[in-house]
Protein chains: 2
Amino acid sequence: MNTRMADNVREALEQMIVTGEFADGERLDEIRLAERFHVSRTPLREAFQMLAASGLVELVPRRGAFVRHPAFHEMIEMFEVMAELEAVCGRLAARRVTPEVLEQVRATVIACEAAVEAGDSDGYYRENEHFHQLIYAASGNDFLAQESQRLHKRLQPFRRMQLRVRGRMIQSLTEHRQILTALETGDSDTAEAVLRDHVAVQGGKFNDLMASYKQSNLRANSQPMAMRG
Amino acid sequence: MNTRMADNVREALEQMIVTGEFADGERLDEIRLAERFHVSRTPLREAFQMLAASGLVELVPRRGAFVRHPAFHEMIEMFEVMAELEAVCGRLAARRVTPEVLEQVRATVIACEAAVEAGDSDGYYRENEHFHQLIYAASGNDFLAQESQRLHKRLQPFRRMQLRVRGRMIQSLTEHRQILTALETGDSDTAEAVLRDHVAVQGGKFNDLMASYKQSNLRANSQPMAMRG
DNA sequence: GTCAAACGTTTTGTATACAAGAATTCGATT
DNA sequence: AATCGAATTCTTGTATACAAAACGTTTGAC
């Protein structure tokens with residue numbers, strides 16, 4: 001819990017938006033939310049600014065803040081960019097990774113294996129997150145790592161949907177192993193290629209994602225509600 | 001001029017920071033700036049939020065807003081990411097570009113040629129911006145285009161430094177021609193490779209950039225001034 | 001002379017007040 | 001009955017007021 005109310009409100013709203021508590025295009029009522037969080041409108045508006053910066057809401061002047069769930073095609077676009085960012089991270093990491101970080105990656109892959117054997121999908125989710133954080137850091141480019149993390153975080157709810165799909169965990173683990181080997185041997189081409197495919201939405205994954213997207217309460221609509229006819 | 005004061009203040013501050021009007025680590029005094037812009041602290045603080053989101057200032061709780069000029073190595077990192085983003089844009093664009101956009105790219109290259117012949121470096125700068133915007137759009141991925149544009153804008157001051165270097169305009173134009181050809185022939189590998197090298201800071205460009213960086217009044221320091229000993 | 005505690009000052013973070021721009025309601029007119 | 005428009009109500013954007021945290025300075029003890 002931060003001492004700044006604005007940060008707490010941002011976090012709370014972020015969670016609420018990401019978990020689909022608001023419909024797409026819904027207006028965030030300043031007064032009602034201020035009452036709900038027991039704060040004044042000032043920190044709430046600061047939170048709106050931050051949410052707008054990360055693309056979760058759209059601020060329309062003199063109209064208000066509208067939640068902005070990505071349409072399906074936008075989500076696909078984001079995954080395409082994510083795949084490229086991870087591919088670059090992998091390519092650079094294969095050349096730049098330090099023995100210490102490599103050891104951590106190894107440990108994470110082992111933890112992933114354990115999670116798969118135990119059928120612990122939550123545990124796998126955690127270790128998977130860790131794995132990707134390590135790849136970002138291993139790129140040796142802090143700015144790249146930061147940007148990758150930012151987008152990774154934004155795609156979190158959709159990734160969560162994905163993990164439910166049968167057999168996905170095993171496939172993911174196999175790819176993690178391949179990536180680890182590529183890093184160990186300094187094979188940047190393989191690291192790049194496997195990571196791109198690992199993240200990319202294609203083939204069966206596309207259909208799985210589409211199905212879970214439709215089931216979710218995140219509705220696709222690029223127009224803010226204020227603009228609707 | 002926007003009707004929202006906060007947006008105007010953001011834009012003004014952005015320009016001031018980018019042009020080096022503030023030293024790195026300098027604290028932005030809310031009261032003094034509010035007086036200077038003839039606004040209250042409220043819209044000023046909103047502007048701070050936005051600037052923090054785009055990385056131009058660092059918001060330290062209970063301490064204030066500190067301007068954050070990238071250190072040299074951070075700038076290099078950003079260029080590395082920019083090169084990769086443009087490379088991806090190029091690769092996708094070679095496959096997806098529409099005849100209409102391709103025609104616009106052609107026109108822009110012609111305008112670049114005219115600017116070089118006329119020795120009009122401002123004109124070249126403008127057309128060069130246009131060229132890259134078109135490449136982003138041609139990628140067919142709006143999210144990618146948006147992110148590329150965001151980073152492109154952030155690197156603007158450094159790119160401006162670069163254009164002063166002798167012979168850079170001619171080299172840039174040659175590369176533009178190569179990229180255009182790659183797009184016309186759908187050669188995604190070439191488009192990717194040329195664009196990466198076009199943007200990448202390497203060889204002579206590295207030294208040129210370092211020299212102009214040192215000359216600029218943008219000082220490298222990753223610590224906020226409040227934290228200094 | 002140095003260090004630290006206490007006091008006063010400055011500055012941030014939040015609440016509230018107020019003005020101006022949207023949205024809505026309701027009545028008048030065709 | 002539908003539509004246009006004026007009046008009313010809400011909501012946003014900004015200013016100001018106030019509380020609490022950080023900062024600086026002075027004073028006192030060793």
Side-chain angles (χ1 to χ4, degrees), chain A residues 1-14 16-17 22-53 55-68 221 223-229, chain B residues 1-14 16-17 22-68 223-229:
Chain A
M1 181 103 172
N2 201 311
T3 51
R4 281 181 65 177
M5 281 301 138
D7 291 335
N8 296 327
V9 170
R10 181 195 57 78
E11 203 154 340
L13 281 175
E14 192 171 296
M16 288 167 75
I17 291 170
F22 299 107
D24 181 50
E26 189 174 343
R27 183 174 132 268
L28 296 177
D29 191 304
E30 287 184 5
I31 297 167
R32 197 144 21 140
L33 287 170
E35 282 172 7
R36 174 160 181 181
F37 289 122
H38 304 289
V39 295
S40 76
R41 282 173 53 219
T42 310
L44 212 102
R45 287 173 59 86
E46 285 199 7
F48 283 177
Q49 294 289 339
M50 299 189 251
L51 293 169
L56 269 63
V57 309
E58 185 177 353
L59 252 41
V60 182
R62 284 278 172 209
R63 289 230 159 63
F66 300 86
V67 330
R68 180 89 169 70
N221 193 320
Q223 269 186 338
M225 195 163 267
M227 300 292 175
R228 291 182 190 166
Chain B
M1 180 108 172
N2 201 310
T3 51
R4 280 180 68 178
M5 282 299 137
D7 291 334
N8 296 326
V9 170
R10 181 195 56 77
E11 204 154 336
L13 280 175
E14 193 170 294
M16 286 168 75
I17 291 170
F22 299 107
D24 182 49
E26 188 174 343
R27 184 174 131 270
L28 295 178
D29 191 307
E30 287 185 3
I31 298 168
R32 198 149 14 143
L33 287 170
E35 283 172 5
R36 175 161 179 178
F37 290 122
H38 303 288
V39 295
S40 76
R41 283 173 51 220
T42 310
L44 213 102
R45 287 172 60 85
E46 284 198 7
F48 283 177
Q49 294 289 340
M50 298 188 251
L51 292 169
S54 53
L56 270 61
V57 310
E58 186 177 352
L59 252 41
V60 182
R62 283 277 169 209
R63 289 234 158 62
F66 300 86
V67 327
R68 180 91 169 68
Q223 271 186 338
M225 197 163 267
M227 299 293 175
R228 289 181 192 168

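Naming: A, B, ... by sequence-line order, numbering from 1 per chain.
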Distance, rounded to the nearest Å, where [X] contributes [atom1] and [N] contributes [atom2]:
{"X": "B/R41", "N": "D/dA17", "atom1": "CZ", "atom2": "C1'", "answer": "10 Å"}
{"X": "A/R27", "N": "C/dT24", "atom1": "CZ", "atom2": "C1'", "answer": "13 Å"}
{"X": "A/Q49", "N": "C/dG13", "atom1": "CD", "atom2": "P", "answer": "15 Å"}
{"X": "A/R4", "N": "D/dA19", "atom1": "CZ", "atom2": "C1'", "answer": "16 Å"}
{"X": "A/D29", "N": "C/dA22", "atom1": "CG", "atom2": "P", "answer": "18 Å"}
{"X": "A/F37", "N": "C/dA15", "atom1": "CZ", "atom2": "P", "answer": "13 Å"}
{"X": "A/L59", "N": "D/dG13", "atom1": "CG", "atom2": "C1'", "answer": "11 Å"}
{"X": "B/E30", "N": "D/dA21", "atom1": "CD", "atom2": "C1'", "answer": "14 Å"}

Using heavy atoms to find the nearest nucleotide of DNA chain C for A/P61 and A/M5 separately, return the residue whose nucleotide is more 5′.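 Result: A/M5.
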State, yes or no, whether a side-chain contact exists between B/D7 and B/M50 at a heavy-atom distance under 4.5 Å.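 Yes - at least one pair of side-chain heavy atoms lies under 4.5 Å apart.
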Is any side-chain heavy atom of B/L33 closer than 4.5 Å to a side-chain heavy atom of B/F48?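 In short, these two side chains touch, coming nearer than 4.5 Å.
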Can you check whether [X] has a side-chain N or O nearer than 4.0 Å to OP1 or OP2 of [N]?
{"X": "B/R62", "N": "D/dA22", "value": "no"}
{"X": "A/S40", "N": "C/dA15", "value": "yes"}
{"X": "A/R63", "N": "C/dA23", "value": "yes"}

Approximate separation, where rounding is to 0.5 Å, of A/F37 CZ and A/L13 CG: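 Rounded to the nearest 0.5 Å, the CZ-CG separation comes to 4.5 Å.
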Between NE2 on residue A/H38 and CE on residue A/M5, distance to nearest 0.5 Å: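 Those atoms lie 11.0 Å apart.
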Which part of the nucleic acid, if any, lies within contact of B/R45, taking any heavy atom under 4.0 Å across all strands shown: a base, the sugar-phosphate backbone alone, or nothing?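 Contact class for B/R45: base.
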